[in-house]
Each structure stands twice: as C-alpha cells, then as structure tokens.
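Heads up, the thing below is written out as structure tokens.
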Amino acid sequence: MKTIVAKFGGTSLADAAQFKKVRAIIEADPSRRFIVASAPGKRNPEDHKVTDLLYRCRDLAAHGGDPAPVLEEIRARFAGIIEELGVDFDLDAELAAICGHLRERDYMASRGEYLNAKILSAYLGIPFIDAAECVRFVRAGLPDYETTNDLMAFALRGATRVIIPGFYGTDQSGVIRTFTRGGSDVTGSLVARAVSADLYENWTDVPGMLFADPRVVDNPRTVERITYRELRELSYLGASVLHEDAVFPVRKAGIPINIRDTNCPEEHGTMIVPVENERSWETVVTGIAGKPGFCCVSLEKGMMNSEVGFGAKLLTIFAEHGVSFEHCPSGIDTMSVVVQREAFAPQREAILREIEEDLHPDYIAVDDSIALIAVVGHGMVHSKGISARVFRAMANARINVRLIDAGPGEMNIIFGVAEEDCNDALRALNNALG
Ligand code: ASP
C-alpha cells in the first residue's frame with residue numbers, strides 16, 4: 001500500500017462542513033495515513049483566522065489589555081465545530097490550560113492547530129500525536145531538520161493512521177516554537193520525509209498552481225505538472241502556492257507534492273515532481289511570474305572586456321555593502337547589475353561612489369523601477385520559437401523590454417520591463433503562451 005501524507009490547510013478545516021469534506025477525502029483512500037491539520041482559517045473574506053485571533057489574544061494579555069472577548073470568539077469558533085460534528089471533546093478543560101500561558105506568543109499561536117487536530121482526531125477516531133514531541137526547532141521559524149526527521153520517524157513508526165497538528169514544535173528546552181505563517185505546509189513536508197511517503201498531498205482552497213497570478217490575469221489555466229526547480233523559479237518572482245520552506249524536505253527525499261482542492265476533490269490539482277521526470281510531459285512553458293521592486297545599475301567602459309577582474313570588482317562592491325545581486329546581463333563594454341530596491345536603496349550612494357572611484361566607468365546609470373518577468377519551463381530547451389513568441393507578445397503590447405537574461409540551461413527567460421508595464425506584460429504573455 002502507498003503511504004500518503006495529507007495536509008489540510010485552514011480553509012479546509014474552517015468549520016464543521018469543511019471537516020465533513022476532509023473526512024470524506026481521508027476515508028476515500030486508506031493510503032492517506034498521516035494527516036496534518038491547520039488551525040481554522042477564514043470561512044469568508046470578512047472572517048478572522050483563528051491564528052490571528054490567538055496572536056491578538058496574546059498581544060492584549062501581554063500589553064495590559066483584556067483578552068476575554070477575543071478568547072470568547074475563539075471558544076465560539078471551536079464550540080461551533082464540536083457541536084455540529086457531535087464529537088465528545090472537553091473544550092473548557094483545554095481552554096483553561098491554555099489560559100495559563102496567555103502571554104507566550106508562539107505557544108498561543110500554536111493552539112489553533114493543536115485544538116483543531118485534536119477535534120479532528122476525536123471526529124475521525126484516528127490517534128493524535130503532538131507535534132511538540134516530534135518537531136524540533138533551533139529557534140522560532142527555523143526547524144532542526146535532521147533531529148526532527150529522527151524524532152518524527154521514531155514517533156510515527158508502526159502507526160497505521162495518525163493526526164498531527166501543523167505549524168509548531170519545541171526547541172531544545174521544550175518551549176513551543178512556530179514556523180513563520182503558513183508553516184503547517186512545512187510540518188506536512190517534514191512528516192512526508194520522515195515516513196518516506198510516496199506522496200505529499202497539500203489540500204487547500206485553490207485548484208492548484210496556476211499558469212499566472214489570478215489577481216492579474218483572467219482565468220489562468222491550472223498547471224498539471226511542475227518540477228521543484230520550476231516552482232522555485234516562479235516562487236522567486238512571487239508565485240505562491242505553498243510555504244517556501246516546505247519544498248526542501250520533500251525535494252531532498254524525491255517525494256512529489258500534489259496540490260489539491262478540498263472543495264473539488266475530483267480534480268487532480270498540480271503535481272510538483274522531482275527533476276528526473278521532467279521530460280515526460282509535453283508542456284513547453286510551465287508558468288509565468290513577475291514582480292516589481294528591482295533596480296538596474298548599468299555601466300559602460302571602453303575595453304571593459306579586456307580588463308581582467310572588472311566584473312569581480314563590481315560585484316564585490318555590492319557584496320561588501322550586503323547587497324545580493326539578482327542578475328548580471330553584460331555586453332562587450334557594458335555590464336548591468338540587477339538588485340532588489342529594498343536592499344539597494346540604503347546603500348545606493350555609497351555603492352555608486354565606490355564604483356566611480358574604483359572602476360572609473362565612462363558612464364553609469366541607475367533605473368530605479370524595474371519589474372522582472374520570468375517565463376519558466378523545462379520544455380523550452382527543446383522547442384524553437386519560444387523567445388520569439390515572448391518578445392513578439394511584448395512588441396504587440398507596445399511594451400519596452402529593458403533587459404534580458406537567459407542562460408544556456410534555458411529553463412527560464414527572465415527580462416525586465418518598467419514597473420508600470422508589469423501587469424500588461426503578464427497579461428500579454430498569458431494570452432500568447434497560457
Ligand atoms: N495557522 C497558521 C497560519 O495561519 C499556520 C498555517 O495555517 O499553516 O499561518
């Protein structure tokens with residue numbers, strides 16, 4: 001039998017109706033053995049996530065406010081779920097214990113997952129294992145991957161089915177610590193690695209990874225398959241489907257991730273697969289993404305190409321000011337360095353002065369408002385005409401391309417446009433390639 005780790009996000013466990021859908025999904029496949037639960041999320045756009053309420057409760061308690069009304073809101077959320085599902089669960093006893101720790105930030109934040117997983121366990125009759133026992137943190141936000149893997153493998157050995165709360169664990173002193181927001185994805189990934197799962201299912205409220213950002217582009221198609229590397233390229237420019245740190249443990253173990261929609265379990269969602277499988281499907285361009293907030297520093301100097309070490313000196317100046325470079329397109333006598341504006345702005349004057357003094361360029365200019373666009377797909381390396389289609393789409397949309405960076409690996413074409421053209425560029429690309 002296969003082993004599947006199924007993680008259910010906040011909207012998938014937001015109320016009793018969603019719990020019922022989750023039950024049907026779990027019971028439909030006995031391979032779904034390790035279940036990771038988030039805290040109740042929003043039931044509608046105006047609603048509050050329980051994790052946000054818990055943070056608010058803690059802040060009120062820590063700063064002399066009255067947490068009682070927020071605690072009552074939290075109690076009512078869980079009481080509603082318990083009552084409608086008809087489960088036997090002593091919520092008052094659990095809340096009384098939590099009230100002893102009102103000022104502990106990570107502890108409070110973790111209780112949404114803790115209670116939801118316990119209620120799910122009672123509802124499904126599947127044993128609960130506390131993440132406090134098997135997720136180890138170096139410090140808040142940073143898991144100790146190897147220790148967690150050992151503890152988790154030990155805690156889960158021989159288990160037939162188990163429910164584990166996401167988002168938290170403990171540090172070396174036994175103090176509760178959490179991941180950054182959305183961190184139940186990471187717990188699911190750690191569990192999948194520890195039990196050598198065949199598949200990590202991440203159940204959420206979207207049909208999967210989309211070809212382009214749906215806030216910018218109308219009805220982008222769902223991506224059926226994407227490799228970890230492609231996902232990383234797209235996430236870097238803002239595409240988000242799961243917590244960044246969730247990729248590392250399963251990628252290392254070669255376990256695929258399947259993004260699924262709890263509200264449409266009949267859909268197959270998106271498979272995120274290791275690189276080995278990358279040639280087994282036909283799609284040429286997997287996705288597009290774009291993000292504003294970059295600057296491009298461009299230099300020109302006669303005979304630059306024969307000045308050994310020019311590029312190294314230029315990049316060292318950025319490095320010494322703690323500014324990491326994103327791209328570095330160059331010509332014979334020109335070189336440009338693309339950096340994130342947020343990191344560059346405070347160092348701008350000092351960096352430009354040092355470039356003038358140390359490298360004596362003939363010309364130096366800074367473009368402060370660049371958006372980077374990425375067209376990503378392993379299949380591009382084998383197909384002709386993709387670049388032509390990309391840049392024809394830009395020309396037809398009357399968008400000026402300010403810089404281009406495409407390596408010989410050809411998994412992506414990255415180019416820069418003015419920030420105000422970013423969304424139009426994405427729409428034009430979706431029409432041409434989506
Ligand atoms: N409940 C936590 C949050 O809202 C963690 C999660 O849902 O993944 O960020």
Side-chain angles (χ1 to χ4, degrees), residues 5-15 18-19 21-22 25 34-59 70-71 73-75 77-78 81 94 98 101 104-121 128-132 134-135 137 139-143 148 152 163-170 176-193 200-206 209 235 240-250 257-263 272:
V5 172
K7 178 255 164 178
F8 292 90
T11 50
S12 302
L13 289 167
D15 59 20
Q18 294 300 88
F19 267 67
K21 291 182 192 169
V22 167
I25 291 168
F34 299 96
I35 314 301
V36 176
S38 279
K42 291 186 182 192
R43 294 160 292 185
N44 54 61
E46 287 74 46
D47 200 12
H48 299 294
K49 286 177 160 199
V50 163
T51 309
D52 289 330
L53 296 174
L54 288 160
Y55 276 122
R56 200 180 321 150
C57 202
R58 180 267 167 194
D59 288 347
V70 187
L71 265 176
E73 210 177 317
I74 295 166
R75 195 202 61 77
R77 274 301 286 275
F78 286 112
I81 295 173
E94 293 284 0
I98 291 171
H101 302 263
E104 294 165 36
R105 193 173 156 77
D106 281 10
Y107 175 88
M108 284 302 286
S110 74
R111 294 304 92 180
E113 270 70 15
Y114 170 83
L115 288 172
N116 230 21
K118 278 204 130 178
I119 295 167
L120 187 62
S121 153
F128 167 91
I129 287 195
D130 196 346
C134 48
V135 178
F137 279 79
R139 57 178 153 76
L142 181 68
T148 298
M152 186 88 79
I163 303 213
I164 307 150
F167 191 40
Y168 72 94
T170 45
I176 295 278
R177 298 288 177 210
T178 62
F179 294 104
T180 50
R181 298 301 303 267
S184 297
D185 285 344
V186 191
T187 311
S189 178
L190 293 167
V191 175
R193 180 182 167 211
Y200 171 25
E201 288 180 344
N202 193 294
W203 291 85
T204 174
D205 58 355
V206 291
M209 172 101 196
S235 311
S240 83
V241 67
L242 81 173
H243 193 295
E244 256 206 321
D245 298 344
V247 173
F248 171 71
V250 275
I257 306 174
N258 190 191
I259 310 289
R260 301 281 296 262
D261 187 349
T262 301
N263 303 316
I272 305 169

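As the structure lists them, so they are numbered: ligands from 1, and atoms in each ligand from 1. Side chains included, hydrogens not; waters and symmetry mates left out as well; all remaining heavy atoms used.
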Checklist entry - Does the side chain of Pro40 come within less than 4.5 Å of Asp15's, by heavy atoms? => result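 Side chain of Asp15 against side chain of Pro40, heavy atoms only: no contact under 4.5 Å found.
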
Item to check | Min side-chain heavy-atom separation Tyr107-Ile98 under 4.5 Å | outcome: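 Yes, side chains in contact.
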
Would you check whether [X] has a nitrogen or oxygen atom less than 3.5 angstrom from a nitrogen or oxygen atom of ligand 1?
| X | answer |
| --- | --- |
| Asp185 | no |
| Ser184 | yes |
| Gly182 | yes |

Checklist entry - With atoms numbered from 1 as shown, which atoms in ligand 1 lie under 4.0 angstrom from a non-hydrogen atom of Arg181? => result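 Contacts of ligand 1 toward Arg181, numbered from 1: 3 (C), 4 (O), 9 (O).
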
Next on the checklist: Using a 4.0 Å cutoff against the non-hydrogen atoms of Ser38, which atoms of ligand 1 qualify?
Outcome noted: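 So the atoms of ligand 1 that pass are 6 (C), 7 (O), 8 (O).
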
Checklist entry - Among the heavy atoms of Gly166, does any lie under 4.0 Å from an atom of ligand 1? => result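 Gly166 does not count as a contact of ligand 1 under the 4.0 Å cut-off.
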
Checklist entry - So is Glu113 in contact with ligand 1, going by heavy-atom distances below 4.0 Å? => result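 For ligand 1, residue contact (heavy atoms, under 4.0 Å) with Glu113 is present.
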
Checklist entry - Are Asp205 and Lys42 within salt-bridge range, i.e. N to O under 4.0 Å? => result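 The answer is no: the pair does not qualify as a salt bridge.
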
Next on the checklist: Within the supplied structure, the quantity of interest is the number of heavy atoms (other residues, nucleotides, ligands) at a distance under 6.0 Å from Glu244 CD; does it exceed 12?
Outcome noted: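 No - once you tally the heavy atoms of other residues, nucleotides and ligands closer than 6.0 Å, there are 12 at most.
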
Checklist entry - Under 4.0 Å from ligand 1, counting heavy atoms only, is it the side chain of Lys49, its backbone, both or neither? => result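 It is the side chain that touches ligand 1; the backbone stays farther off.
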
Next on the checklist: Under 6.0 Å from the ring centre and within 45 degrees of the ring axis: does the NZ or CZ of Arg111 meet both conditions for the six-membered ring of Tyr168?
Outcome noted: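 Yes, a cation-pi geometry.
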
Next on the checklist: Testing the basics here: between Tyr200 and Ser184, what is the closest heavy-atom pair and its distance to 0.1 Å?
Outcome noted: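 Heavy atoms only, the tightest pair is OH-O, 4.2 Å.
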
